[in-house]
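A quick write-up on the structure given underneath.
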Number of protein chains: 2
Amino acid sequence: MRNVSQSTVRRLSVYVRVLEDLERRGGETVSSRGLADRAGTTSAQVRKDLSYFGSFGKRGLGYSVPELLKSLRAILGLDRAWGVAVVGAGRIGQALARYPDFADKGFDVRAVFDNDPQKIGQRWDDLEVLDVGDLPQVFRERQIEIVILATGAESAQSVANQVVACGVRAILNFAPVKLQVPAGVGLNNVNMVPELESLSFALTNPQATARGVSGASQEPS
Amino acid sequence: MRNVSQSTVRRLSVYVRVLEDLERRGGETVSSRGLADRAGTTSAQVRKDLSYFGSFGKRGLGYSVPELLKSLRAILGLDRAWGVAVVGAGRIGQALARYPDFADKGFDVRAVFDNDPQKIGQRWDDLEVLDVGDLPQVFRERQIEIVILATGAESAQSVANQVVACGVRAILNFAPVKLQVPAGVGLNNVNMVPELESLSFALTNPQATARGVSGASQEPS
DNA sequence: TGTATCTTGTGAAAACTTTCACGTGAAAGT
DNA sequence: ACTTTCACGTGAAAGTTTTCACAAGATACA
């Protein structure tokens, strides 16, 4: 299973979402085409993506929805719970800490931290905002493996260093900075400004953008 | 300026951020290498990205920070203000509506909408949550061009249809669904769950992931 | 059993993106 | 003026990802 591209992994996530939806509706099987249409890609892409991990379908029939779902969950590591902490209790941090879809997927937000005395002690549902000073102890006690970093740009790197020192294995970074983390620590960035800017670009330069616009199925019927 | 890839546009955004930072620190010029190191890419990539749009540097010297910044802003359409509305006044919608970096870049959030009577009428800073029923009128009056869609998955498509009917030109979608929009309407998706899932994948399959991990400069010194 | 139909899995081709490497122009110092 | 150094801009090469197209397994039905 060497060398799976980032884009493939992102698409697997989407397949999981689609399959969950199909399962909820009682779908038994689905073809690569059916999956592709719902996920916004092509049937060949679906088959190629899956082929990196094995062989899941039946020729002439398609894929069993529950079986493929189970396999994909195992591949993505969604067949277990992950201990997650949010650092930065601003509006974004708050929204993320209480984002219901995370919990649904096994991303279990077990702590929220801030360094602002005004915020420390606030209660959100069953979460209490803790002092960043307590990071090491709480991380150990609650088995935090993934951090969602939602601080401002200034403090992001220093917080990253701290949580890495606490043994965190991956960071999802919302701060608009390029974080430096040691090899072996996973890092993904979510940047909302570039997303808007790329829309602004598309609106400003319509010639340069015949791409990723429409919505219809990517393949001929 | 044909066929500029999405990745190039995203990197241009990053270059703008880096250049703003350099300008603030009083930097006069920067080399492709200097820009690359700060943006987390390579000097060749920087030069190639810029080459799609023209020739901005001086050989042997590098790029003038203020001039390149000005050019890139014009290319990305950041030399003007954009009328933005947020639809969906949940926690995510609220965080986005008041996200200070949007305003800084000329993305001017002029309205927030929801369909929940509980939320309609709430005031956040100088924004009031409005009834989605008033979309058409408010969009016209406040010249909304871009919508940030932060509703639940169920209502996302129907809201998208409405705002497209109101003449919106681009949508930044935070709902976990593949939206169908007519050709000519820009669409970008921000999916937070797949970001976490790709970290979960990396932690679960260390063999498959020797990629995008570290932090050090991509080029030899 | 045989035929028709369906849809996977996969090499090979095409398309796209990144990296290399070098000619060229510009500045600085002697 | 001459030499050295620097760093851009850019075709060509390398690498990566997506699409194509088809052999082969599976089912259905006469």
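Labels below follow one simple rule: chain letters A, B, ... track the order of the sequence lines, proteins then strands, and each chain is numbered from 1.
Atom-to-atom, CZ of B:R33 to P of D:dC8 comes out at 10 Å; the value is rounded to the nearest Å. Atom-to-atom, CG of A:D37 to C1' of C:dT7 comes out at 14 Å; the value is rounded to the nearest Å. D:dT10 atom P lies 14 Å from atom CZ of B:F53, rounded to whole Å. In this structure, B:L61 places its CG atom 8 Å from C1' of C:dA26, rounding to the nearest Å. One can place CG of A:N3 at 13 Å from P of D:dG15, the figure rounded to the nearest angstrom. Rounding to whole angstrom units, CD of residue B:Q6 and P of C:dT17 are separated by 10 Å. Between A:Y52 atom OH and C:dG9 atom C1' the separation is 13 Å, expressed in whole Å. Spacing between atom CG of A:L68 and atom P of C:dT8 amounts to 11 Å, rounded to whole angstrom units.
Donor-acceptor pairing under 3.5 Å, judged by distance alone, is absent between the side chain of A:R59 and the base of C:dT7.
Ranking D:dT10, D:dT19, D:dC8 by closeness to the B:S31 side chain, first place goes to D:dC8. Nearest nucleotide to the side chain of B:Y63, out of D:dG9, D:dT19, C:dT19: D:dG9. Of the listed nucleotides (D:dT17, D:dA26, C:dT18), D:dA26 has the atom at the smallest distance from the side chain of A:K58.
Side-chain atoms of B:D101 do not come within 3.5 Å of backbone N or O of B:K105 as any donor-acceptor pair.
Other residues, nucleotides and ligands contribute at most 12 non-hydrogen atoms within 6.0 Å of the CZ atom of A:R25.
Closest approach of B:V14 and B:A39 over heavy atoms only: CG1-CB, 3.7 Å.
For the pair B:S51 and A:D49, nearest-nucleotide mapping onto DNA chain D gives the more 5' position to B:S51.
Taking only side-chain nitrogens and oxygens, A:R11 comes nearer than 4.0 Å to OP1 or OP2 of D:dT18. Contact annotation: A:S55 side-chain N/O to C:dG9 OP1/OP2 distance is under 4.0 Å. A close approach under 4.0 Å does not occur between any side-chain nitrogen or oxygen of B:R47 and OP1 or OP2 of D:dG9. Proximity of A:Q45 to the phosphate of D:dT19: a side-chain N or O atom is located under 4.0 Å from OP1 or OP2. OP1 and OP2 of D:dA7 both lie 4.0 Å or more from every side-chain N or O belonging to B:S32.
The closest side-chain donor-acceptor pair between A:S198 and B:Q6 falls under 3.5 angstrom. A donor-acceptor contact closer than 3.5 angstrom is absent between the side chains of B:E195 and B:N191.
Base pairing analysis places C:dT30 opposite D:dA1; the two distances defining the Watson-Crick or G-U wobble pair are each below 3.5 Å.
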